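Reviewing the structure listed below.
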Number of protein chains: 2
Amino acid sequence: MLAASLQLADEQGLAAVTMQAVADRLGVTPMALYRHVANKADLLDGVVESLLLEVPLPDPADDWATRLLALSRGTRRAASAHPEVFPLLLQRAAVTPGARRARDVVYGALREAGLGEDDVIQLERLLATAVLGFAASEAGGRFAAHSAAQLDADFARLQEMLAGAVVAALEATPHVP
Amino acid sequence: MLAASLQLADEQGLAAVTMQAVADRLGVTPMALYRHVANKADLLDGVVESLLLEVPLPDPADDWATRLLALSRGTRRAASAHPEVFPLLLQRAAVTPGARRARDVVYGALREAGLGEDDVIQLERLLATAVLGFAASEAGGRFAAHSAAQLDADFARLQEMLAGAVVAALEATPHVP
DNA sequence: ACCTGAACACCGTTCAAGT
DNA sequence: ACCTGAACACCGTTCAAGT
């Protein structure tokens, strides 16, 4: 049902995701959906969550910088696969299992990099926000005037910027030699 | 009419912005709105644009770093004033007068800082995206679990991060001594 | 437990008609 | 030029009833 809704959004836009259309696709009446979902907002929550769970987790064997890069690339890819739904991500509290899963990857990477716990927690929010902001802008159409090559270059530069921020935080961290 | 729609969204949520409700507030029938707006999407475009035009432009007498900070603070304030509408900003192409207005402020500041034209153009997108991503996350509820103090601290750190990116770009720029 | 038919109050949008 | 009444095809959601 969440898969059917996501597919519907991908194919015909978010506005096409109506209780009746989803039900149709499942060969059922609209009212049957209310057995599995409280209401339409709840259904959309589920769709957003399933999108989040589609972002592949990086290989834990890679070093921390590679893992961060892989996660942000996976996020951008999920956005481009589901541009209609992705922007909704910024409109839900990041407290679901899917949100926690991605957050934990970043926490682990920043800890391994050597940051203190307070830094880890704050920096994760800023890194995630920058990546989500970019991916949501791209998916939502804010960059519609720009070429794919330009956006690839922008994304690469964003990564450099974020890496620079992590390095700066590391340099400000007292470390055991 | 755009003002009435924005007010309606602020007071009762984006879902309450229906053609009938807007018409009601103006003391007119819904069909009368179609004289001023092509359809509902067009109306929402107008509402988003009017929100963008609400962001105050920085004092041109201030130095470039102060202007950038003022613009991003103004943006964050507009988001908190209109949390229902603000997230839509990431879902429209940044080609309207309101978008251009803000962009030109950043262009001017980065040029004055001493960046080359290519850097100015690319960095503007990244800075704007980071600020909009943060403001939209905050307005949209992604940070709902966090205190206002925490979010203020996050925003301050975001500014530091962005300032660091500008400085790094400046250091990589060959300059006339 | 799960699904349905019928119904309700609302949507966005059209069109011809009014002033 | 601007607004309206009536109508159309759709919404989300409820409730009692069916299996």
Side-chain angles (χ1 to χ4, degrees), chain A residues 1-52 82-93 96 139-142 144, chain B residues 1-52 82-93 96 139-142 144:
Chain A
M1 161 177 188
L2 298 180
S5 305
L6 182 54
Q7 217 177 333
L8 204 50
D10 292 343
E11 290 169 9
Q12 305 180 42
L14 193 58
V17 181
T18 67
M19 299 303 268
Q20 358 257 328
V22 173
D24 260 18
R25 189 165 280 233
L26 296 171
V28 101
T29 60
M31 300 75 88
L33 302 180
Y34 287 86
R35 199 65 38 179
H36 306 93
V37 103
N39 50 37
K40 194 185 173 183
D42 191 28
L43 182 150
L44 287 179
D45 279 350
V47 173
V48 170
E49 176 71 359
S50 72
L51 159 47
L52 207 47
H82 308 292
E84 290 282 330
V85 171
F86 193 88
L88 296 183
L89 204 53
L90 297 200
Q91 300 177 52
R92 326 260 144 182
T96 63
R142 192 166 76 88
Chain B
M1 159 178 190
L2 298 179
S5 305
L6 183 53
Q7 218 177 332
L8 204 49
D10 292 343
E11 291 169 10
Q12 304 180 42
L14 194 58
V17 181
T18 67
M19 299 303 268
Q20 358 256 329
V22 172
D24 260 18
R25 188 165 280 232
L26 296 170
V28 99
T29 60
M31 300 75 87
L33 302 181
Y34 287 87
R35 198 64 40 177
H36 305 92
V37 103
N39 49 37
K40 195 185 172 184
D42 191 29
L43 182 150
L44 287 179
D45 278 350
V47 172
V48 170
E49 176 71 0
S50 73
L51 159 47
L52 206 48
H82 308 292
E84 290 282 330
V85 170
F86 193 88
L88 295 184
L89 204 52
L90 298 201
Q91 300 176 52
R92 326 260 144 181
T96 63
R142 193 166 77 88

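Within every chain, numbering begins at 1; the chains are lettered A, B, ... in the order of the sequence lines, protein sequences first and strands thereafter. What you are looking at is a predicted structure, and each value in this text was computed from that prediction instead of being measured.
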*Locate the shortest heavy-atom distance separating B/Leu43 from B/Ser5; write the atom from each residue and the value.*
CD2-OG, 3.6 Å
*Where do B/Val85 and B/Ala9 come nearest, in terms of heavy atoms and distance?*
CG2-CB, 3.6 Å
*In residues 1-29 of chain A, what residues come within less than 4.0 Å of DNA chain C, judged by heavy atoms?*
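Correct list: A/Val28, A/Thr29.
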*Of all of residues 30-41 of chain B, which get a heavy atom below 4.0 angstrom from DNA chain C, listed by number?*
B/Met31, B/Tyr34, B/Asn39, B/Lys40
*Hunt down any stem DNA chain C takes part in, defined as 3 or more consecutive Watson-Crick or G-U pairs whose two distances are each under 3.5 Å.*
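Stem segments, range with range: C:4-8 with D:12-16, C:12-16 with D:4-8.
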*asked:* Here's a test for you: under side-chain contact (heavy atoms from CB on, under 4.5 Å), which of B/Asn39, B/Val37, B/Thr29 qualifies with B/Met19?
replied: B/Val37
*First contact, last contact: which nucleotides of DNA chain C are these for chain A, 5' to 3', heavy-atom distance under 4.0 Å?*
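Reading along DNA chain C, I get C/dC2 to C/dA6.
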*Kindly write out the residues that satisfy side chain to side chain contact (heavy atoms under 4.5 Å, CB included) with A/Ala144, not counting sequence neighbours, or none if the list is empty.*
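B/Ala93.
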Do the side chains of [Y] and [X] get nearer than 4.5 Å, heavy atoms only?
X       : Y       : answer
B/Val22 : B/Leu33 : yes
B/Asp10 : B/Leu6  : yes
A/Val17 : A/Val47 : no

To the closest 0.5 Å, what do you measure between [atom1] ([X]) and [atom2] ([Y])?
X       : Y       : atom1 : atom2 : answer
B/Leu2  : B/Leu51 : CG    : CG    : 11.5 Å
B/His36 : B/Leu26 : NE2   : CG    : 9.0 Å
B/Gln20 : B/Arg25 : CD    : CZ    : 15.0 Å

*Expected output: side-chain B/Glu84 to main-chain B/Leu14 donor-acceptor under 3.5 Å*: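 Yes; judged by distance alone, with no hydrogens or angles, the pair exists.
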*Output all residues satisfying side-chain hydrogen bond (donor to acceptor under 3.5 Å, both in side chains) with A/Glu49, sequence neighbours left out; order by chain, then residue number.*
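Partners of A/Glu49 under the side-chain hydrogen bond (donor to acceptor under 3.5 Å, both in side chains) test: A/Thr96.
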